[in-house]
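Data block below; observations after.
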Number of protein chains: 2
Amino acid sequence: MPGTIRKIAADRWDGPLVARLRRYVELGPADIDDLRLLMEDELNVKKRRDLIVEGYEYHKLCFIKEGFAARYKLLRNGKRQIVSVLLPGDVIGFPGSFVNHSVFSVVALSDMKLEVCALDDFVALCYRRAKFGLALSWLAAHEATMYAEHIIDIGRRTPVERLAHFLLEIHARLAAVGRAAEREVDLPVSQEVMSDALGMSVPHLNRMLAKLRGDGLITLDGRHVTFADMRGLRQLAHFQPPSFTRIPAPAATIGQELIA
Amino acid sequence: MPGTIRKIAADRWDGPLVARLRRYVELGPADIDDLRLLMEDELNVKKRRDLIVEGYEYHKLCFIKEGFAARYKLLRNGKRQIVSVLLPGDVIGFPGSFVNHSVFSVVALSDMKLEVCALDDFVALCYRRAKFGLALSWLAAHEATMYAEHIIDIGRRTPVERLAHFLLEIHARLAAVGRAAEREVDLPVSQEVMSDALGMSVPHLNRMLAKLRGDGLITLDGRHVTFADMRGLRQLAHFQPPSFTRIPAPAATIGQELIA
DNA sequence: CGAAATTTTGATCACGTTCAACTTCAGTGG
DNA sequence: CCACTGAAGTTGAACGTGATCAAAATTTCG
């Protein structure tokens with residue numbers, strides 16, 4: 001692998017954004033420099049703060065460096081449905097920044113560190129370097145896949161299965177960014193959040209948690225989960241993490257990386 | 001508006017794909033030509049045929065010219081959850097073509113006409129014209145928004161509300177491609193499909209349909225729905241269609257279109 | 001230490017599933 | 001032309017699951 005020295009230099013700034021995009025596409029030093037220049041701001045957000053409020057305009061992309069958040073909608077009857085739990089490496093502002101009036105709200109579930117850039121600036125970069133537009137599409141496909149799995153969860157899985165699936169998903173996603181060990185996780189969320197994500201009541205969620213424990217599939221210590229029987233849990237949840245293709249390199253312009 | 005003659009010529013071929021992408025971005029004659037060249041095939045598919053089967057590789061994008069389909073997953077217990085109903089102008093292969101082994105299946109709900117292109121070819125085009133990569137992102141954001149709304153539906157709306165929301169969504173989407181009148185739709189799907197989409201049993205769906213009829217919100221004649229009280233239905237369903245931003249034009253290269 | 005948030009447990013009951021039978025309708029072949 | 005078939009829609013009765021409400025136990029945090 002040539003150019004090692006330059007590569008390391010550019011990597012000095014490697015936010016969660018770079019790590020995330022690298023799952024889909026090769027990024028050279030020039031790419032990373034471009035990305036860094038895009039960032040307007042490093043933002044610190046306190047727990048329980050609303051980041052995006054339904055009905056307002058919001059045209060930024062925020063990349064989570066640290067902390068957790070939830071994308072949700074509040075219904076007239078006071079019920080809340082959480083659409084997705086956001087972890088380090090995830091993007092806030094998708095898909096909200098693409099519509100005129102945000103349809104969902106996002107709230108910080110813990111203190112957070114974010115990197116912010118304007119959507120318009122990102123789009124401008126995409127025009128200059130098409131690979132970023134593609135990376136955004138891949139990221140969107142990833143997001144959509146998780147949403148779809150969430151639909152399956154809520155629609156046709158029983159409450160225990162749902163919970164099992166949720167635990168495995170969170171574990172897999174945290175492990176993918178190096179924040180979880182092989183067979184354990186610290187849950188980033190309260191039971192209320194889980195129940196709002198999984199479309200059930202808090203007491204029932206609690207009982208299902210107890211059931212998983214009783215069946216010897218997990219052990220619990222506060223919010224620390226240990227997967228006692230990963231196989232059994234996976235089977236119960238029908239869990240199989242999707243593996244994403246990488247974006248093909250441009251055919252005509254091989255070596256573009258080196259020029260940059 | 002200059003260049004009218006060329007524009008009309010190019011517009012002669014305007015599949016549902018062009019109409020769909022135009023919701024997000026300006027397309028010039030050169031763009032449309034490029035798109036047309038991409039298309040490998042026009043495909044006819046019979047009702048009940050599987051288009052994508054879970055677990056297999058699939059790396060094409062299909063644009064629906066005519067007909068309906070459903071993206072779904074079958075669970076071990078025999079239950080089926082429909083993730084989304086696909087209408088003319090929609091894309092088959094998203095997000096399935098972005099993962100190594102498709103997680104969902106797609107089945108034709110009616111006879112269909114499709115335009116097919118290879119994902120790799122589309123990606124190659126994106127490298128040449130960045131706007132297509134962005135268009136794909138926007139389309140993906142649109143898809144993700146619908147999925148998210150579907151999660152809300154199943155998770156926290158009551159069965160009647162869910163059904164009402166479903167009817168309104170299908171109506172709005174069909175109207176957007178000119179296949180539905182102001183206050184009526186021909187449902188493209190059976191009650192079994194609806195129940196699998198909404199995560200309830202067929203009998204219950206049927207009763208909720210009867211309830212909407214009884215409450216004077218809709219009238220039914222076979223699969224022809226007339227919205228007797230659109231306001232009331234919208235309120236019941238908390239329905240508000242998202243409106244999408246358009247992709248900003250490239251700042252530096254105004255007039256790029258003319259060169260092409 | 002006091003106050004608030006979170007987790008746990010219990011009792012009751014409505015809602016929606018399940019299963020079953022029956023109806024209606026479109027297509028098909030005798 | 002009508003009987004046959006299979007798919008789709010409709011209705012009913014019984015059961016079980018998970019929501020709801022309430023309260024206690026526990027932890028976290030100001």
Side-chain angles (χ1 to χ4, degrees), chain A residues 46-49 68 70 75 77-82 85 107-111 153-164 166-167 186-214 218-225, chain B residues 46-49 68 70 75 77-82 85 107-111 153-164 166-167 186-214 218-225:
Chain A
K46 285 258 162 242
K47 185 171 176 175
R48 245 172 279 269
R49 270 291 287 284
F68 312 103
L75 297 188
N77 53 25
K79 288 180 188 294
R80 175 176 75 160
Q81 175 66 44
I82 290 179
V85 173
V107 63
L109 296 177
S110 69
D111 291 351
D153 241 19
I154 297 180
R156 290 299 190 198
R157 280 195 253 257
T158 66
V160 224
E161 292 169 353
R162 253 183 260 183
L163 174 56
F166 178 86
L167 296 177
D186 278 306
L187 287 182
V189 297
S190 71
Q191 293 190 11
E192 188 188 2
V193 167
M194 283 196 261
S195 69
D196 280 344
L198 299 178
M200 50 178 143
S201 65
V202 177
H204 201 56
L205 179 93
N206 186 281
R207 280 185 258 266
M208 294 304 102
L209 219 37
K211 182 162 172 48
L212 286 182
R213 209 172 341 120
I218 63 171
T219 63
L220 261 182
D221 175 25
R223 289 188 185 175
H224 186 81
V225 180
Chain B
K46 287 255 161 245
K47 184 171 176 176
R48 245 173 278 271
R49 270 292 289 283
F68 313 103
L75 298 187
N77 54 24
K79 288 180 189 293
R80 175 176 75 160
Q81 176 66 44
I82 289 179
V85 173
V107 64
L109 296 176
S110 69
D111 291 351
D153 241 20
I154 296 181
R156 289 300 190 197
R157 279 196 253 256
T158 66
V160 224
E161 293 168 353
R162 251 182 260 184
L163 175 55
F166 178 86
L167 296 177
D186 278 306
L187 287 182
V189 297
S190 70
Q191 293 191 9
E192 189 189 0
V193 167
M194 283 196 261
S195 68
D196 280 345
L198 299 178
M200 49 179 143
S201 65
V202 176
H204 201 55
L205 178 92
N206 187 283
R207 282 185 258 265
M208 294 305 102
L209 219 37
K211 183 162 171 49
L212 287 183
R213 209 172 341 119
I218 63 171
T219 62
L220 261 183
D221 176 24
R223 289 187 185 175
H224 186 81
V225 180

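First the proteins, then the strands, lettered A, B, ... as listed; each starts at 1. Note that the coordinates shown come from a computational prediction; the quantities given were computed from them, not determined experimentally.
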> Hey, what do you get for CG (B:Leu75) to CD (A:Glu161), rounding to the nearest 0.5 Å?
Replying inline: 7.5 Å
> Is A:Ser190 touching bases, backbone alone, or none of the nucleic acid, heavy atoms closer than 4.0 Å?
Replying inline: sugar-phosphate
>> Looking only at side-chain N and O atoms, does B:Gln191 offer a donor or acceptor that is under 3.5 Å from a partner on B:Asn206?
In response: yes
> In terms of side-chain heavy atoms of B:Val202, which of D:dT10, C:dT6, C:dT8 is nearest?
Replying inline: D:dT10
>> salt bridge (Lys or Arg N to Asp or Glu O under 4.0 Å), that's the test. Do A:Asp111 and A:Lys47 meet it? Break it down for me.
In response: CA-CA 4 Å; A:Asp111 291 351; A:Lys47 185 171 176 175; over 6 Å; no
> How many angstroms lie between CG in A:Leu198 and CZ in A:Arg157, if you round to the nearest 0.5 Å?
Replying inline: 10.5 Å
> Below 3.5 Å, does any donor atom in the side chain of B:Arg207 face an acceptor in the base of D:dG12, or the other way round?
Replying inline: yes
>> If the test is side-chain hydrogen bond (donor to acceptor under 3.5 Å, both in side chains), which one of A:Lys79, A:Arg80, A:Gln81 qualifies with A:Asp196?
In response: A:Arg80
> Which part of the nucleic acid does B:Lys47 contact within heavy-atom distance under 4.0 Å: base, sugar-phosphate only, or nothing?
Replying inline: nothing
> Taking atom P of C:dT8 as reference, at what distance in whole Å does atom CG of A:Leu209 sit?
Replying inline: 7 Å
> In whole angstrom, what separates B:Arg213's CZ from D:dG9's P?
Replying inline: 12 Å
> Whole-Å distance between D:dT28 P and A:Arg48 CZ?
Replying inline: 14 Å
> To the nearest Å, how far apart are A:Asp196 CG and C:dT7 P?
Replying inline: 12 Å
> D:dC29 P sits how many Å from A:Lys46 NZ, rounded?
Replying inline: 12 Å
> How do A:Arg156 and A:Glu192 order along DNA chain C: which one's closest nucleotide is nearer the 5' end?
Replying inline: A:Glu192
>> Once you apply a heavy-atom cut-off of 4.0 Å, does A:Pro203 come out as touching a base, just sugar-phosphate, or nothing?
In response: base
> Can a side chain N or O of A:Asn206 be found less than 4.0 Å away from OP1 or OP2 on C:dT8?
Replying inline: yes
> Just how far, in rounded Å, is C1' of C:dT9 from CE of A:Met208?
Replying inline: 13 Å
> To the nearest Å, how far apart are B:His204 NE2 and D:dG12 P?
Replying inline: 15 Å
>> What is the distance, to the nearest angstrom, from the CD atom on B:Gln191 to the P atom on C:dC25?
In response: 14 Å
>> Taking any heavy-atom pair under 4.0 Å as a contact, classify B:Gly222: base, sugar-phosphate, or nothing.
In response: nothing
> Choosing from C:dT6, D:dG9, D:dA19, which nucleotide comes nearest the side chain of A:Lys79?
Replying inline: D:dA19
